[in-house]
Amino acid sequence: MIKTGGLADVVGALPAALEPLGWHTRVLLPAYPGLFDQLAAAGTKVRRVWHTDDLFGGPAAVRRGVHNGLDLMLLDAPHLFDRPGGPYTVDGHDHGDNHVRFAALSWVGARLAIEGTADRWRPDVVHVHDWQAGLVPSYLKYAGSLIPTVMTVHNIAFQGVFGPDQLDRLKLPTWDFHSDALEYHGLVSTLKAGMLHASRVTTVSPSYAEELATPEFGFGMEGLATMRLDRGEMTGILNGIDTDAWDPATDPAVVPYSATEPAGKAANRAALLEEFHLTDHGGPLAVVVTRLTYQKGIDLLCEAVPGFVAAGGTIAVLGSGDPGYEYALGDLAGRYPDQVGVWIGYDEAKSHRMYAGGDIVVVPSRFEPCGLTQLYGQRYGAVPVVAATGGLRDTVTDATPDALADGTATGFSFGDARLGGAVDAGGLGFALGRATDLYRDTDAWAGLRSAAMTTDVDWGTSAARYAELFTGLVS
Ligand code: ADP
Ligand code: GLC
């Protein structure tokens, strides 16, 4: 499996949800190191369905295999993708040729759509995600193709920017380098190109769609977002999660439990305390599973931790990212060794154990297009404490007295800008305080946790919205 964040979860789960709605998806991915070995180990056969002698400097092939129901087409281009490091970085630095690597992926995506594959397949709609595939609609447009495209923006902060001197090399027309087309403040942005040239644009929550039209959240793309919103060509469709893979009743990584039989959750909690060498101090066990970046509000978290532990809370953090945040978290763990535990790294199984063991999952993001950890938290009964921004705002119902009374509350939120709030450490501390108080009321907590666990977080509704969008484009 290849994953740096939520995009992988979405691309992995949406196809299965679209299948029963009549939309079969093939997923084009780079063949990162080890992927063919993983497929072979699982007994998945791959077959070459396309090839070229020269993909931006080397030979390339697309190999198809169906793995766990996912119809994969892997772009086998060793000069671009078979190298040490992660998908985008090596030793903490971007691969210097990321623009070439992902322009190549996009170019191949467009060629497959135009030419079809050796096994006689051609898509009716091309759905592209983020800056990595942002050039597909442009390549199709410059080739004169009318195949409809949908561009989904998962995070506008990553824009795929490179210099105009690269246009020729990437088979993009220099004549279209101007501000109404490929140019973005003197550079080229693959994200902008996609948002401009795709037939339709979606993003991963309704609130984020509106936020993208503002200078605060638009990261320079607010004009373009406003234009596509005003024309009715951009919408927000919430992410769901794969509720089969993420089910505390059947998850092999955890002691089984469910909303109706929650007893097993306590064993997971005890095991997690032990795993992080923590001692219960009477308050909730908070978990955080995240990339450690500015987006995720890790500095706010660090500021709020002392108050939370003073009130009896314990906290376990799993993440990796900016060294400054890693250091600050390590420092807190040193100060509160039996109440703060930090694990720097990326560990899928551990993340499952954290949602299963946690009483709350904390997500203090400054912006969050959708966010998935609050959804996994709800499903596993780790009640979310979130900043009211983007998808966090759309997926968590704050535990006000009214919402608690009528059973609609699913978590705690703070800092809703639309209500005059701000996402800051004070707001987070206050929300953690409210969660800690309610946690001490065992019955009220059990009710809230059960409401969170039974909230609809699967792909059903959202997949139907994508299917509707695709159908509208082909009819
Ligand atoms: P983003 O895509 O912005 O990183 P999301 O909340 O959409 O945020 O998705 C994050 C995904 O990555 C979730 O599936 C989460 O469980 C997972 N994740 C993040 N950090 C880690 C980690 N250190 N170890 C394991 N899983 C992680
Ligand atoms: C991005 C966003 C996150 C979203 C994920 C999947 O990485 O930061 O909010 O959930 O994509 O759409």
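What you see is a predicted model; the values in this text were computed from it and never measured. Indexing begins at 1, ligand by ligand and atom by atom, following the structure's order.
The cationic atom of Lys350 (NZ for Lys, CZ for Arg) lies less than 6.0 Å from the six-membered ring centre of Phe276 and within 45° of the ring axis. Judged by a 6.0 Å distance limit and a 45° cone about the ring axis, Arg366 is positioned over the six-membered ring of Tyr294.
Contact between Gly371 and ligand 1 is present, with at least one heavy atom of the residue lying under 4.0 Å from the ligand. Using a 4.0 angstrom heavy-atom cutoff, Tyr355 counts as in contact with ligand 1. Not a single heavy atom of Gly5 sits closer than 4.0 Å to an atom of ligand 2. Residue contacts with ligand 1 include Gly345, since one or more of its heavy atoms lies under 4.0 Å from the ligand. Within the 4.0 Å heavy-atom cutoff, His154 does not count among the residues contacting ligand 1.
Those atoms of ligand 1 that come under 4.0 Å of a heavy atom in Arg291, given as number and element, are 1 (P), 3 (O), 4 (O), 20 (N). Applying the 4.0 Å criterion to heavy atoms of Gly371 picks out, from ligand 2, the atoms 3 (C), 4 (C), 9 (O), 10 (O). Which parts of ligand 1 touch Tyr376 is read off a 4.0 Å heavy-atom cut-off, strictly below it: atoms 13 (C), 14 (O). Residue-ligand proximity, Thr373 to ligand 1, at heavy-atom distances under 4.0 Å covers atoms 6 (O), 15 (C). Listed by number with element, the atoms of ligand 1 under 4.0 angstrom from any heavy atom of Gly319 are 23 (N). Within ligand 1, the atoms closer than 4.0 Å to a non-hydrogen atom of Asp347 are 24 (N), 25 (C), numbered from 1 in the order shown.
The N/O atoms of Cys370, backbone and side chain alike, include one that comes under 3.5 Å of an N/O atom in ligand 2. Distances between N or O atoms of Gly6 and those of ligand 2 include no value under 3.5 Å. Considering both main-chain and side-chain atoms, Glu348 never comes within under 3.5 Å of ligand 1 through any nitrogen or oxygen pair. Note: an N/O pair closer than 3.5 Å links Asn155 and ligand 2 by distance alone.
The minimum heavy-atom distance between Leu140 and Ile147, with the atom names listed, is CD1-O, 4.4 Å. Nearest heavy atom pair, residue Ala198 against residue Met151, reads CB-CB, 3.5 Å.
Across Glu368, Gln295, His154, Arg291, heavy-atom proximity to atom 9 (O) of ligand 2 is greatest for Glu368. The closest heavy-atom contact to atom 6 (C) of ligand 2, among the options Asn239, Val204, Leu372, comes from Asn239. Among Gly321, Gly6, Ser351, the residue whose heavy atom sits closest to atom 9 (O) of ligand 1 is Gly6.
Counted within 6.0 Å of CG on Asp230, heavy atoms from surrounding residues, nucleotides or ligands total more than 12; the atom is thus considered enclosed. For CH2 of Trp23, the number of neighbouring non-hydrogen atoms (other residues, nucleotides, ligands) closer than 6.0 Å is greater than 12. Counting heavy atoms of neighbouring residues, nucleotides and ligands inside a 6.0 Å radius, atom CD of Glu19 exceeds 12 of them.
Neither the backbone nor the side chain of Gln374 has any atom closer than 4.0 Å to an atom of ligand 1 (non-hydrogen atoms only). With a 4.0 Å cut-off on non-hydrogen atoms, Leu372 touches ligand 1 through its backbone as well as its side chain. With a 4.0 Å heavy-atom cut-off, ligand 1 is reached by no atom of Lys350. The proximity of Phe367 to ligand 1, defined as any non-hydrogen pair under 4.0 Å, does not occur for either the backbone or the side chain. The backbone of Thr290, and not its side chain, has at least one atom closer than 4.0 Å to an atom of ligand 1 (non-hydrogen atoms only; backbone = N, CA, C, O).
Looking at Thr190, its side chain never comes within 3.5 Å of a backbone N or O of Leu135 through a donor-acceptor pair. Between the side chain of Asp71 and the main chain of Val66, no donor-acceptor pair closer than 3.5 Å is present. Side-chain N or O atoms of His352 include none that pairs as donor or acceptor with a backbone N or O of Pro248 at under 3.5 Å. Side chain of Ser189 to main chain of Leu191: a donor-acceptor pair is present (N/O by atom type, distance under 3.5 Å, no hydrogens or angles).
Aromatic ring centres of Tyr336 and Phe308: separated by at least 6.0 Å. Ring to ring, Tyr355 and Tyr376 are close: their centroids are under 6.0 angstrom apart.
A tilted orientation is assigned to the rings of Tyr466 and Trp459, their planes being inclined by 30° to 60°. Using bins of under 30°, 30° to 60° and over 60° for the plane-to-plane angle, the ring pair Tyr88/Phe102 lands in the tilted bin.
Protein heavy atom at the shortest distance from atom 12 (O) of ligand 1 is Lys3 CE, 3.6 Å. Shortest contact from atom 22 (C) of ligand 1 to any protein heavy atom: Tyr346 CD1, 3.4 Å. Ranking the protein heavy atoms by distance from atom 8 (O) of ligand 1 puts Lys296 NZ, 3.1 Å first.
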